[in-house]
Each structure stands twice: as C-alpha cells, then as structure tokens.
J.: 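I have a structure here, written as structure tokens, and I will follow up with some questions on it.
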Amino acid sequence: MDVAVFLASCQSEMALLETLQLTLQQEQQAILRMDAFQIEELAQQKMQQLKQLAELRAQRLAQQQAAGIAQQDDWLPWLQQAPDDVQQCWQSLELALLRLKALNDLNAGLADERMRFATAVIDTLRGAMQGVDGYGRHGTLSSGVGGSRRLGSA
C-alpha cells in the first residue's frame, strides 16, 4: 500500500473528526440552552459530516482491501511495521472516534433529560391552567371552571 496516500487519507479523516467534534460541542451548548432551531441546524451539519466521514472511510477501506490488509489479522501487523507518523495518525484517529462517541452519547443523554424536563413543565402548566383559562383547546368550557350546576338551575 502507498503509505503516503494512506497517511493523507488518515489525515483527512482526522480533520473531519475535529470538525465533527466542534459541531458536537456546539450541539451540546444548544441542548443546554434548549435552542431547538440551532439543534436542528447542527443536526443537519452533523449528518453531512457523518456522510463525508463514511465516504472517506470507504475510500480508506478500499485502499486497505486493494493492499490485502483489510482484515484485522492482516491490518495490525502492517500497522506495526508502518512509519511512526502513520501509527500516530491511526492512534489519533482511534482516540478521536472514542471521544466523539462519548460526546455524542453525552449529548443524547442531555437531550433526553431536557425533553423530559420540558414535557414535565408543559404538563404542569397545562394542569395549572385548566382551572384558570376557562376554555379548552377547542373553545369548549373547561371542566375545571365553575360549579357543577348549570346556569338557571336552582
């Protein structure tokens, strides 16, 4: 395998992973602020970056396949004999993937927590407003308003 081509491929993946990390960090801040519009925008960016990453990965795997080192048993011995910069880039790539997975999992947990909080607040507000607003969603008198007797009945 052409080591220079492989190294360039690995570096391209690394650069994209760094961009994805920034996107995930921005997503985390948007989740904490409960900024739905920015979360949506960042989700689109994230999906585009993941698509690009999948394309780069496919290209790298094709290189490995062509060189006969696509399988783990063949890949590890080749990597151990590769130049230091290739080994370092690969190690950085693996560590970045672990960091990004952890950050993405954290964001998912935060988003779930915020959604549960927002749902609880909405449910509480709906319950509190039921006796105050007088009319329900469809313009009908809310059951919490007034007594149990009809007007004009004694």
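Positions are given from 1, in the same order as the sequence printed here.
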J.: side-chain hydrogen bond (donor to acceptor under 3.5 Å, both in side chains) with T23: which residues, sequence neighbours excluded?
T.: Q49

J.: Considering residues at least two apart in sequence or located in another chain, which fulfil the salt bridge (charged side-chain N to carboxylate O under 4.0 Å, His left out) criterion with D73?
T.: none

J.: In chain order, what residues pass the side-chain hydrogen bond (donor to acceptor under 3.5 Å, both in side chains) check against Q38, with sequence neighbours excluded?
T.: R33

J.: Any chance CD of Q65 has more than 12 other-residue heavy atoms, nucleotides or ligands included, within less than 6.0 Å?
T.: no

J.: Where is the tightest heavy-atom contact between A96 and L17, given as atom of each residue plus distance?
T.: CB-CD1, 3.9 Å

J.: With sequence neighbours excluded, what pairs up with M34 under the side-chain contact (heavy atoms from CB on, under 4.5 Å) test?
T.: R114, F117, A118

J.: Could I get the full list of side-chain contact (heavy atoms from CB on, under 4.5 Å) partners for D112, not counting sequence neighbours?
T.: R116

J.: Would you list the pairs meeting ring-ring contact (aromatic ring centres under 6.0 Å, His included) in which at least one residue belongs to residues 12-35, sequence neighbours left out?
T.: none

J.: Taking only residues two or more places apart in sequence, or in another chain, which ones meet K51 in a side-chain hydrogen bond (donor to acceptor under 3.5 Å, both in side chains)?
T.: none

J.: Could you tell me whether Q91 atom CD has more than 12 heavy atoms of other residues or ligands within 6.0 Å of it?
T.: no

J.: Give every residue pair that meets the ring-ring contact (aromatic ring centres under 6.0 Å, His included) criterion with at least one member in residues 5-31, sequence neighbours excluded.
T.: F6-W75, F6-W78

J.: Do any pairs count as a side chain to side chain donor-acceptor pair (under 3.5 Å) and have a residue in residues 99-111, sequence neighbours left out, and if so which ones?
T.: E27-N107, Q28-N107, K46-N104, K101-D105

J.: Not counting sequence neighbours, which residues clear side-chain hydrogen bond (donor to acceptor under 3.5 Å, both in side chains) with Q44? List them please.
T.: E40

J.: Could you check whether atom CD of Q71 has more than 12 heavy atoms from other residues, nucleotides or ligands sitting under 6.0 Å from it?
T.: no

J.: Q59: what forms a side-chain contact (heavy atoms from CB on, under 4.5 Å) with it, not counting sequence neighbours?
T.: L56

J.: Which residues pass the side-chain contact (heavy atoms from CB on, under 4.5 Å) test with A108, sequence neighbours left out?
T.: none

